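Comments concern the structure below.
We're numbering straight along the sequence, starting at 1. Note that the structure is a prediction, hence the values are computed from the model and not measured.
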Amino acid sequence: MYDKADPFNAILDKFEYKPRFYIHKLVLNELDMLQSKYKKSTKIQSKVNVAKEYLEVFRGWWELIDLYSDLPTDDALIATSKTMGLILFTNDEELRHRA
């Protein structure tokens with residue numbers, strides 16, 4: 001969202017129906033961790049705040065999931081996607097290649 005991308009609406013533009021969206025609990029935990037770890041970085045704080053605000057605005061569009069949370073975040077996202085038959089959307093280039 002920080003770079004003017006609107007992920008939910010971009011996806012909706014591609015489908016003739018509204019798909020179900022899921023946000024993994026570990027992703028929200030990472031946002032909290034970044035906010036805490038980089039308290040002095042206005043750039044990181046701004047990016048995290050934009051992400052959190054976006055998710056809050058669209059709260060009715062997504063469900064929280066919490067599978068494989070004992071794994072590292074990327075591993076949990078891949079395992080959850082496979083188990084639930086989901087498409088994984090990420091800006092993380094390394095995670096995209098792994099997925």
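Dense packing is recorded around CD of Glu63, with more than 12 heavy atoms of other residues, nucleotides or ligands lying under 6.0 Å away. The environment of Lys18 atom NZ is dense: over 12 non-hydrogen atoms of other residues, nucleotides or ligands sit within 6.0 angstrom. Around atom NZ of Lys25, no more than 12 heavy atoms belonging to other residues, nucleotides or ligands sit under 6.0 Å away.
Atom OG1 of Thr73 is separated from atom CG of Asn29 by 7.5 Å, given to the nearest 0.5 angstrom. In this structure, the separation between CG on Leu31 and NZ on Lys47 is 12.5 Å, given to the nearest 0.5 Å. Note that the CG atom of Asn91 and the CZ atom of Arg96 stand 6.5 Å from one another [nearest 0.5 Å]. Taken to the nearest 0.5 Å, the CG atom of Asn49 stands 11.5 Å off from the CG atom of Leu34.
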**Request:** Report the C-alpha separation of Trp61 and Asn9 in whole Å, then their side-chain angles, then the decisive distance to 0.1 Å, and conclude whether the side-chain contact (heavy atoms from CB on, under 4.5 Å) test is met.
**Result:** CA-CA 11 Å; Trp61 290 26; Asn9 284 306; 3.6 Å; yes
**Item:** CA sep, side-chain torsions, deciding dist, call: Arg98, Asp75, side-chain contact (heavy atoms from CB on, under 4.5 Å)
**Value:** CA-CA 9 Å; Arg98 285 187 56 207; Asp75 295 339; 2.4 Å; yes
**Request:** Kindly indicate, with the supporting measurements, whether the criterion side-chain contact (heavy atoms from CB on, under 4.5 Å) is fulfilled by Thr80 and Leu88.
**Result:** CA-CA 9 Å; Thr80 299; Leu88 178 61; over 6 Å; no
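Aromatic pair Tyr54/Phe8: centroids less than 6.0 angstrom apart.
No path of Ile, Leu, Val, Met, Phe, Trp and Tyr side chains, each step under 4.5 Å between heavy atoms, connects Leu71 with Ile23, placing them in separate hydrophobic clusters. Criterion: ILVMFWY side-chain heavy atoms under 4.5 Å apart, direct or through other members. Under it, Tyr17 and Phe89 are part of a common hydrophobic cluster. Cluster membership check: Tyr22 does not share its hydrophobic cluster with Ile87, using side-chain heavy-atom separations under 4.5 Å among Ile, Leu, Val, Met, Phe, Trp and Tyr. Put simply, Phe21 and Ile65 are part of two different groups of oily side chains (I, L, V, M, F, W, Y) that touch within less than 4.5 Å, one to the next. Under the 4.5 Å side-chain heavy-atom criterion for grouping Ile, Leu, Val, Met, Phe, Trp and Tyr, Phe58 is connected to Phe15 within one hydrophobic cluster.
For Leu26 against Ala76, the heavy-atom pair with the smallest separation is CD1-CB, 3.5 Å. What you find for His24 and Leu67 is that their closest heavy atoms are NE2-O, 2.7 Å. Of all the heavy atoms in Leu55 and Trp62, the pair that sits closest is O-NE1, 2.9 Å.
A donor-acceptor distance shorter than 3.5 angstrom exists from the side chain of Gln45 to the backbone of Gln35, with no hydrogens or angles considered. Within the 3.5 Å criterion, the main-chain N or O of Leu77 finds a donor-acceptor partner in the side chain of Ser81.
If you check the side chains of Thr83 and Tyr68, you find a donor sitting under 3.5 Å from an acceptor.
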